[in-house]
Number of protein chains: 2
Amino acid sequence: MVKYQEIAKDLRHRILNKLYLPGEQLPQEKEMCRTYNVSRITIKKAVDEVVNAGLVIKRRGAGTFVKAVNDDAVKELSMVQQFTGFTESNTGKSISSEIIRFEIVHPSAEVADKLQIDKDGFVYDIIRARYADKEPFVVEYTQMPLDIIPGLKRDVLLDSIYHYIQSGLKLKIQSAHRAIRAMWPNEVEQNYLKVDTSFPMLEVEQVAYLDDGRAFEHSISRHRSDKIIFKTLSIRA
Amino acid sequence: MVKYQEIAKDLRHRILNKLYLPGEQLPQEKEMCRTYNVSRITIKKAVDEVVNAGLVIKRRGAGTFVKAVNDDAVKELSMVQQFTGFTESNTGKSISSEIIRFEIVHPSAEVADKLQIDKDGFVYDIIRARYADKEPFVVEYTQMPLDIIPGLKRDVLLDSIYHYIQSGLKLKIQSAHRAIRAMWPNEVEQNYLKVDTSFPMLEVEQVAYLDDGRAFEHSISRHRSDKIIFKTLSIRA
DNA sequence: TAGTGGTCTAGACCACCGG
DNA sequence: CGGTGGTCTAGACCACTAA
C-alpha cells in the first residue's frame, strides 16, 4: 500500500476511535508533512480520500474539520465506499439462485443502444430469482453481449456471474451507471418473491462497464422493498 | 476558472462532440502536456475529473479510453454531477409548497442522534407538500436545529429553505448522506399526493452537512414513484 | 522491452478566511 | 494581516500492460 493510502487509513482510524472529535480541526497540512515525513501533495491526496469517505471537510483559509456524523452512519460509510451502495439484510446469509430464463437472442433496440452494440449481435437474456437463506429477495433481468462474456453456463448463473467475469475471464469491472425507481411487481415477481400486487418494489437499472470502456451488462433488479436500502453520499463540487 | 478545469471542460466537449470516439484512446499524458502547455500533474487532475464524470477510463500501462456510454446517459451524467442526483419530471415547471406543519419541538432521540445534537435543544419540525405546476409530487418531513438555522418563517418555507440558508444566512452546504427505499404512502401522503393505499413511493432519507462539519438538516421525502428517478454513478476504487 | 499511467518530491505562488 | 488549503511546476522513479 502506498504512502497516501497509509496516511488516509491512519486518519480514518483516528477519527473512528475519537482521537479527533466531531467539529475538531485536524492538524494543518504542513504539520502533517512533518508528522508523516512526506510532501504536502501526498498529504493533500490522503486527506482528500477521507473527504470522499464523508468523514471530514476542508475549507480553504480555515482548515480541515471532522464532520458530526453519527456512529451508525460512519459504519455504513465504509460500506458505501465499496462498489455497491446497497445494504441488504443478507449479510452472512447463503445466497442461491433460481434460473427462470436463460436464452441467447438479438438485443432489443433499447438494450442495444444502452450497451452501444449492434442490433444484429447476440446477447444472453437471463432472468434469475435470488434467495438469501431460501428467502427470495430480488428478481434480476440481465443482458450481456456474447462476444464480451463468452462461455456462460448454467452453473455460473447459479453461482455468481461477476465472479466468473473477474476470476474466470480475467476481466476488470470499472464502473456502473444506475437509475433507481419504485414500482409495482409484475406477475413473475409476485410469484417468485411471494408478494401481492400492491407490494412496493425498488427497481435498480444498471449499465456496467469494463476497464477498457465497453459496456458488458444491462440489468434490471426488482427488490422486495423490505429487503433493501440504497445508500449514497454526495459532496458538492 | 483554473487550468485543470479548463482542460477537463475541453476534453468533455471533445468527447461529447465525437472528436474522440467511444473506445478510442486519448492522447497520452505527456503529449497532452505539450498540447496544453502544462505539467503532467495538471493533466492528471484534468483527466481524473473526466473519469469521475463517467466519460473515460484510465488503465495503467495501457492508456486512457473513451467509455461506450449511450447519448441519453451522457446527457444525464452532467446532471448527476450536480449536487442532487434526482431526475424529476419537473424541469421548467413552477414549484410551489403547501405547509402542513411548522412547529418548534425537542428532537426525537433518533433525530438528535442523526444530527448529533442534544436532546434538550430545539428543532424546527416541518411537513410540506410540494407541487410542480399544481401537480403534487412529494411530501417532505424536515427537522433543523434552531441554533444553526435561525429566523425561519413561513414565507421561507413557501419558497426554498436551501436558498435562505445559502443567500440569507450565508452558510455553505457541503454534503448529504442519503438512504433510499420503496414504501407505501401513509394517510397524509395519500391525501396530498392523491394516490391510493397501494401506490408505491420512493423514500429518500437525508442528513445534510454545512462546510464546518455540522449536520443542519434531517429530512424524509416521500416521492410519487411516477415522478422521480434517482441516478447515480459508482466507480470502483 | 517499450510505453503507459501512478506516486512522490521540494518548492512557489495564489485565493480565501478570520481576527 | 497571518494562516489556511488550492494550484502548479519540472523532474524522478515505480508498477503495470501489451507486444
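All values reported here derive from a predicted model rather than from experimental measurement.
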**OP:** Using a 4.0 Å heavy-atom cut-off across all strands, classify A:V38 as base, sugar-phosphate, or nothing.
**Re:** sugar-phosphate
Original post:
Aromatic rings B:F122 and B:H106: how do their planes relate, parallel, tilted or perpendicular, breaks at 30° and 60°?
Top reply: parallel
Rounding to an integer number of Å, can you tell me how far [X] [atom1] sits from [N] [atom2]?
{"X": "B:E29", "N": "C:dT7", "atom1": "CD", "atom2": "C1'", "result": "12 Å"}
{"X": "B:K30", "N": "D:dT9", "atom1": "NZ", "atom2": "P", "result": "16 Å"}
{"X": "B:Q25", "N": "C:dG3", "atom1": "CD", "atom2": "P", "result": "13 Å"}
{"X": "B:F65", "N": "C:dG5", "atom1": "CZ", "atom2": "C1'", "result": "11 Å"}
{"X": "A:I7", "N": "C:dT9", "atom1": "CD1", "atom2": "C1'", "result": "13 Å"}
{"X": "B:I43", "N": "D:dA10", "atom1": "CD1", "atom2": "C1'", "result": "14 Å"}
{"X": "B:K58", "N": "C:dG5", "atom1": "NZ", "atom2": "P", "result": "8 Å"}
{"X": "B:L171", "N": "C:dC17", "atom1": "CG", "atom2": "C1'", "result": "15 Å"}

Could you tell me whether the phosphate oxygens of [N], OP1 or OP2, come under 4.0 Å of any side-chain nitrogen or oxygen in [X]?
{"X": "B:K3", "N": "D:dG6", "result": "no"}
{"X": "A:K45", "N": "C:dT7", "result": "yes"}
{"X": "B:Y4", "N": "D:dT7", "result": "yes"}
{"X": "B:T42", "N": "D:dT7", "result": "no"}
{"X": "A:K44", "N": "D:dG6", "result": "yes"}

Original post:
Under the salt bridge (charged side-chain N to carboxylate O under 4.0 Å, His left out) test, which residues partner B:R181, sequence neighbours left out?
Top reply: B:E203, B:E205
**OP:** Taking only Lys NZ, Arg NE, NH1 and NH2, and the carboxylate oxygens of Asp or Glu, determine whether B:D212 and B:R214 approach each other closer than 4.0 Å.
**Re:** yes
Original post:
Any salt bridge between A:K45 and A:E49, counting N to O under 4.0 Å?
Top reply: no
Original post:
Hey, which of B:Q143, B:Q206, B:E110 is the one that makes side chain to side chain donor-acceptor pair (under 3.5 Å) with B:H218?
Top reply: B:Q143
**OP:** Summarise how protein sits on nucleotides 11-19 of chain D as a single string, 5' to 3': B when a protein heavy atom is under 4.0 Å from the base, S for sugar-phosphate-only contact, - for no contact.
**Re:** -B--BBBS-
Original post:
So, do B:I117 and B:D147 sit near enough that their side-chain heavy atoms are less than 4.5 Å apart?
Top reply: no
**OP:** Tell me, please, which residues at least two apart from B:R40 pass side chain to side chain contact (heavy atoms under 4.5 Å, CB included).
**Re:** B:E29, B:C33
Subject >> Earlier contact from the 5' end, DNA chain C, for A:N37 and B:D48 >> reply: B:D48
